[in-house]
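Right, one structure below, let's go through it.
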Amino acid sequence: MKIVVLTGSPRRNGNSAYLAEQFIKGAQEKGHEIYRFDCAFKQVEPCRACNRCGMDGPCVIKDDFNELRPHLIAADMVVFATPMYYFGISAQMKRVIDRFYAINGQIKGHYKKAAYLMTYADTAKKEAEPMLLHYHTLMDYLGWESVGEVVASGVWTAGSIRNTRYPEQAYQLGKSL
Ligand SMILES: Cc1cc2nc3c(=O)[nH]c(=O)nc-3n(C[C@H](O)[C@H](O)[C@H](O)COP(=O)(O)O)c2cc1C
């Protein structure tokens, strides 16, 4: 499969990046092709809602989204790896997702697998619910199928996830494909 992995953290060696790496390791061992796009390190402007794309056409903004665009359209699977920022996905990732608008016609209703890798500092399960609801609602809208979610709680400092069970879960998810 062609798998696009979107990471959303500005911490290169952070927790969600580590989950993404473990997922990638497992998936590559099974021979899948990975295209990784680190949203926080790319120049991607937010959608301007000009509607010139008509939800299915060229975007007026010429930036790094153009690099990602063909990979997203061709992908068999898309993985979202993000920290929780105030009970939502990171802004760095959200601005990339909002640019899906210009390719909506080419990705909505075109079956893809998906996975969600999320990290947060608190331990209350309830606090992860808004992000999971957003992800599942997005999958329903696009007609994509979520094949796995790693919800890593209790990780605050960059890299603290290494001593938990979550990296293994991400690795096994990649390996299971
Ligand atoms: C701007 C900001 C907002 C955050 N908001 C939350 C939050 O709402 N709930 C929470 O439990 N942790 C929150 N955190 C902590 C991160 O989710 C946590 O440290 C996570 O493991 C970071 O992942 P990363 O290492 O991939 O960046 C926040 C951190 C930052 C920098």
Side-chain angles (χ1 to χ4, degrees), residues 3-29 32-48 63-65 67-68 71-72 75 77-100 112-142 144 146-177:
I3 305 177
V4 168
V5 177
L6 301 175
T7 69
S9 177
R11 300 203 288 192
R12 279 198 192 276
N13 297 311
N15 299 317
S16 52
Y18 192 64
L19 289 184
E21 280 154 29
Q22 293 305 302
F23 170 86
I24 289 168
K25 186 167 172 261
Q28 282 178 331
E29 283 174 12
H32 298 292
E33 190 186 312
I34 305 291
Y35 175 80
R36 174 174 169 165
F37 189 85
D38 295 313
C39 301
F41 300 96
K42 299 287 185 179
Q43 295 304 316
V44 179
E45 282 185 37
C47 174
R48 294 179 193 164
D63 62 13
D64 290 343
F65 186 77
E67 188 190 300
L68 172 63
H71 292 280
L72 275 173
M77 178 168 183
V78 180
V79 179
F80 302 85
T82 181
M84 177 190 291
Y85 281 178
Y86 290 97
F87 310 103
I89 61 177
S90 74
Q92 290 88 338
M93 177 172 282
K94 185 62 164 60
R95 71 186 180 198
V96 170
I97 293 176
D98 287 353
R99 295 283 296 281
F100 287 12
K112 296 183 197 297
K113 290 183 172 34
Y116 203 46
L117 312 174
M118 61 170 281
T119 60
Y120 65 112
D122 290 337
T123 51
K125 268 190 167 177
K126 194 173 170 40
E127 291 178 11
E129 286 173 10
M131 288 179 70
L132 288 165
L133 180 61
H134 173 245
Y135 167 65
H136 289 137
T137 306
L138 179 63
M139 294 306 103
D140 288 349
Y141 170 77
L142 291 171
W144 297 1
S146 180
V147 296
E149 290 136 37
V150 177
V151 180
S153 63
V155 288
W156 170 240
T157 53
S160 55
I161 202 162
R162 287 170 188 256
N163 308 316
T164 70
R165 65 189 187 281
Y166 303 116
E168 178 65 16
Q169 288 178 12
Y171 170 75
Q172 289 301 337
L173 177 56
K175 191 98 182 164
S176 71
L177 299 168

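Start at 1 and go down the list; that is how both ligands and their atoms are numbered.
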Audit row: Glu149, His136, side-chain hydrogen bond (donor to acceptor under 3.5 Å, both in side chains) steps and yes/no: CA-CA 11 Å; Glu149 290 136 37; His136 289 137; 2.9 Å; yes

With Gln28 via side-chain contact (heavy atoms from CB on, under 4.5 Å) - residues at least two apart: Ile24, Ile34

Just list the side-chain donor-acceptor pairs under 3.5 Å for residues 156-165, sequence neighbours left out, or say none.
{"from": "Ser160", "atom 1": "OG", "to": "Thr157", "atom 2": "O", "distance (Å)": "2.7"}
{"from": "Thr164", "atom 1": "OG1", "to": "Ile161", "atom 2": "O", "distance (Å)": "2.7"}
{"from": "Thr164", "atom 1": "OG1", "to": "Tyr166", "atom 2": "N", "distance (Å)": "3.2"}

For Arg48, side-chain contact (heavy atoms from CB on, under 4.5 Å) partners two or more places apart: Glu45, Val60, Ile61

First-shell residues of ligand 1 [heavy atom, distance under 4.0 Å]: Ser9, Arg11, Gly14, Asn15, Ser16, Pro83, Met84, Tyr85, Tyr86, Phe87, Thr119, Tyr120, Ala121, Asp122, Val155, Trp156

Side-chain ion pair, Lys94 and Asp98, N-O less than 4.0 Å: yes

Close side-chain approach of Phe87 and Glu127, heavy atoms under 4.5 Å: yes

